[in-house]
Number of protein chains: 2
Amino acid sequence: MFTHAEENYLKAIFHLEQETQGEVSTNAIAEQMETKPSSVTDMVQKLADKELLSYKKYKGALLTQTGRKKAADVIRKHRLWEVFLVDKLNFHWDEVHPIAEQLEHIQSAELIERLDRFLGSPDFDPHGDPIPDQHGNIKRTEKKLLSELQKGQRGVCVGVKESSSDFLQYLDRKKITIGTKIHVLGKEFFDGSMILRVRDQQFFISKKTSENLFVQIQES
Amino acid sequence: MFTHAEENYLKAIFHLEQETQGEVSTNAIAEQMETKPSSVTDMVQKLADKELLSYKKYKGALLTQTGRKKAADVIRKHRLWEVFLVDKLNFHWDEVHPIAEQLEHIQSAELIERLDRFLGSPDFDPHGDPIPDQHGNIKRTEKKLLSELQKGQRGVCVGVKESSSDFLQYLDRKKITIGTKIHVLGKEFFDGSMILRVRDQQFFISKKTSENLFVQIQES
DNA sequence: CTATAAAATTAGACTAGTCTAAAAATATTT
DNA sequence: AAATATTTTTAGACTAGTCTAATTTTATAG
Ligand SMILES: [Mn+2]
Ligand SMILES: [Mn+2]
Ligand SMILES: [Mn+2]
Ligand SMILES: [Mn+2]
């Protein structure tokens, strides 16, 4: 139905739409896809011809309903495969993304339906990202960046914003993972760094770290 | 490392080498791959440049050690995924081939090693074909076509030669599958048809069927 | 409001893979 | 051994996807 390249573009544009809340620029797509803007223009025009997105020259791209559904399908597959890799094959959460990047392109509705059942219809992938359902709907949960918490607040880690290997391995060394309870003991105005209490231990974390960890606030 | 097309060609040539015991012709590859001979010539020359096979114009192709190992790797992946689809996702054995045709191209040595362990390092795929090991070695077992058995001989079904959906579904209706015990009650010289005893029931099968079922002879 | 900078598009080239049509080599038949 | 048929290769064209370099449009600054 669609090529790998087309699917990767749709996915990238889908993610960028969340951030920009509107038309996505050629340069933004190029950066995300690690290609040149001229290549993006070509592909965006092709996807517009296929009515997967609307596009006016110099005005950026916006997915159509069809395009958004297709993008959600790819993301659903990506995240389900990540769950498979971690839960069933015991991969580490920092290793699965590049493999899922390939597996997300396997074409078979039956396969993904059975995989979903096999995995127990999970709601989230190993990085805490929600898995779209068959209809492309994504469960939005209340989550905030750790950096938004104030001194004294408590939260549970529910996901990561960046999921680079470096960051995930850093979290591992600090024994922070999905489900870890965090108590903000202090926050430095100067550089945005924080002091946390995690499992009766004190941690110092940088602003960069706190801006890449999603938490659900615990009322206390 | 290699493209999907290259891997598919290597696999096709590998299979054809088994049959022809020597150089594989351009036309044979074209038929197997469902492409035109001119396309095959192009690709064979490319694979020869990469030293995956040896090729002299008009003389056919023969895999090198490197090429044969690579082909076995792809076949290993194909068959392991088929086991996964049948054993874990409960697909039927006639549905898995086209999906495995895609999955076999996923690049990750770690993945296939873990998949193998997860499946309990199976020796055969759902159609009874042997799964090459990490080094590309294939366990050769004593098996004959059912058509080679004589009246009175007994065997156990250990595989199918053709694995089209039509044939596999026909076998299902006859309740013949891997492990089924077969007793040859009679064989017609005229058309090669056979009368079998399977689970205390008599079956008539055509020559075409008996030439596509592999059995292991049971000494009696 | 004009000059400059940034962003986006177009033009043209390249690789991978495929095809059709034509030419060349090999095999088969008479 | 020549004629014919079959197989294989080449030549040239096409699509998908990418790139560089040049051009055009839009945004920003003075
Ligand atoms: Mn991922
Ligand atoms: Mn991908
Ligand atoms: Mn198969
Ligand atoms: Mn394949």
Side-chain angles (χ1 to χ4, degrees), chain A residues 1-13 16-17 19-63 67 70-71 74 101-102 104-107, chain B residues 1-13 16-17 19-63 67 70-71 74 101-102 104-107:
Chain A
M1 198 64 163
F2 299 101
T3 66
H4 290 200
E6 286 171 338
E7 291 188 339
N8 286 334
Y9 272 95
L10 289 174
K11 196 162 56 99
I13 295 167
L16 289 167
E17 273 187 7
E19 292 174 19
T20 61
Q21 301 289 353
E23 280 79 9
V24 178
S25 76
T26 302
N27 272 356
I29 300 171
E31 194 183 352
Q32 178 92 0
M33 297 284 300
E34 297 182 46
T35 53
K36 301 292 167 181
S38 56
S39 307
V40 173
T41 301
D42 276 0
M43 182 57 94
V44 160
Q45 289 176 344
K46 201 180 318 176
L47 294 172
D49 289 346
K50 296 196 179 183
E51 306 203 321
L52 293 165
L53 49 80
S54 63
Y55 163 74
K56 287 201 206 72
K57 271 188 201 171
Y58 299 102
K59 298 296 176 197
L62 206 60
L63 294 176
K70 181 62 201 167
V74 178
E101 201 57 47
Q102 301 177 61
E104 70 189 358
H105 304 293
I106 303 292
Q107 304 287 3
Chain B
M1 198 63 165
F2 299 101
T3 65
H4 290 199
E6 285 172 338
E7 290 188 340
N8 286 334
Y9 271 95
L10 289 174
K11 195 162 57 101
I13 296 167
L16 289 167
E17 273 188 7
E19 291 174 19
T20 62
Q21 301 289 353
E23 279 80 10
V24 178
S25 77
T26 301
N27 271 356
I29 300 171
E31 195 182 350
Q32 178 90 2
M33 297 284 301
E34 299 182 47
T35 53
K36 301 293 167 181
S38 55
S39 307
V40 173
T41 301
D42 276 0
M43 181 57 95
V44 160
Q45 289 175 343
K46 201 183 317 179
L47 294 173
D49 289 344
K50 296 196 180 185
E51 307 204 316
L52 292 166
L53 50 79
S54 64
Y55 164 74
K56 285 200 208 73
K57 271 187 202 173
Y58 299 100
K59 297 298 176 194
L62 205 60
L63 294 175
K70 181 64 203 166
V74 178
E101 201 59 47
Q102 301 177 61
E104 71 189 357
H105 303 294
I106 303 292
Q107 304 288 1

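What you see is a predicted model, and the numbers here were worked out from it, not measured in a lab. In what follows, chains are A, B, ... by sequence order, proteins preceding strands, each numbered from 1.
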* To do: Remember a base hit wins even if backbone is also touched, and classify Phe2(B) as base, sugar-phosphate or nothing at under 4.0 Å, heavy atoms.
  => nothing

* Give the rounded distance in Å between these two atoms: NZ of Lys46(A) and C1' of dT9(C). => 16 Å

* To do: Of all the heavy-atom pairs spanning Leu52(B) and Phe2(B), show the shortest one and how long it is.
  => CD1-CE2, 3.3 Å

* What integer distance in Å separates Lys59(B):NZ from dT8(D):P? -> 11 Å

* Structure fact -> Intra- and inter-strand pairing of DNA chain D, written as dot-bracket with Watson-Crick and G-U pairs under 3.5 Å and | for the latter, reads ||||||||||||||||||||||||||||||

* Can you see which heavy atom on Pro37(B) is nearest to which on Ala30(B), and at what distance? => N-CB, 3.8 Å

* State whether Tyr9(B) places a side-chain N or O below 4.0 Å from either non-bridging phosphate oxygen (OP1 or OP2) of dT18(C). => yes

* **Between NZ on residue Lys46(A) and OG1 on residue Thr3(A), distance to nearest 0.5 Å** => 6.5 Å

* Asked: What distance do Ser25(B) atom OG and Gln32(B) atom CD have between them, rounded to the nearest 0.5 Å?
  -> 11.0 Å

* Asked: Can you tell me how far the CD atom of Glu17(A) sits from the CD atom of Glu19(A), to the nearest 0.5 Å?
  -> 11.0 Å

* Asked: Angle class for the His4(A)/His4(B) ring planes (parallel below 30°, perpendicular above 60°, tilted otherwise)?
  -> perpendicular

* To do: Considering just the side-chain nitrogens and oxygens of Lys57(A), establish if one lies under 4.0 Å of OP1 or OP2 belonging to dT24(D).
  => no

* To do: To the nearest Å, give me how far apart NZ (Lys56(B)) and P (dT9(D)) are.
  => 13 Å

* **dA16(C) phosphate, OP1 or OP2, under 4.0 Å from Thr3(B) side-chain N/O** => no

Name the pairs: protein N/O against N/O of nucleotides 21-25 of chain C, kept only if under 3.5 Å.
residue : atom : partner  : partner atom : Å
dA25(C) : O4'  : Tyr58(B) : OH           : 3.3

* Any Val74(B) side-chain heavy atom under 4.5 Å of Leu10(B) side chain -> no

* Atom CD of Glu6(B) and atom C1' of dG17(C): how far apart are they, to the nearest Å? -> 10 Å

* **Phosphate-side-chain proximity, Thr41(A) and dT9(C), N/O vs OP1/OP2 below 4.0 Å** => yes

* Taking every non-hydrogen atom, the tightest pair across Tyr55(B) and Ala48(B) -> CB-CB, 4.0 Å

* Of residues 23-36 of chain A, the positions that come close to DNA chain C - non-hydrogen atoms, cut-off under 4.0 Å -> Ser25(A), Thr26(A), Asn27(A)

* Asked: What is the distance, rounded to the nearest whole Å, between atom CG of Asp49(B) and atom C1' of dA16(C)?
  -> 14 Å

* To do: Indicate the atoms forming the closest heavy-atom contact of Leu62(B) with Glu23(B), along with that distance.
  => CD1-N, 3.7 Å

* **Spacing of Asp42(B) atom CG relative to dG17(C) atom C1', expressed in whole Å** => 8 Å

* Rounded to the nearest 0.5 Å, what's the gap from NZ on Lys36(B) to CG on Asn27(B)? Could you check? => 10.5 Å

* Structure fact -> Closest heavy-atom pair, Lys70(A) versus Gln107(A), reported as atoms and distance to 0.1 Å, is NZ-OE1, 4.5 Å

* Specify the separation, in whole Å, of atom NE2 of His4(B) and atom C1' of dA16(D). => 15 Å

* Report the distance from atom CD of Gln45(B) to atom P of dT9(D), rounded to the nearest whole Å. => 7 Å

* Which atom pair, heavy atoms only, marks the closest approach of Ile13(A) to Val24(A)? -> O-CG2, 4.0 Å

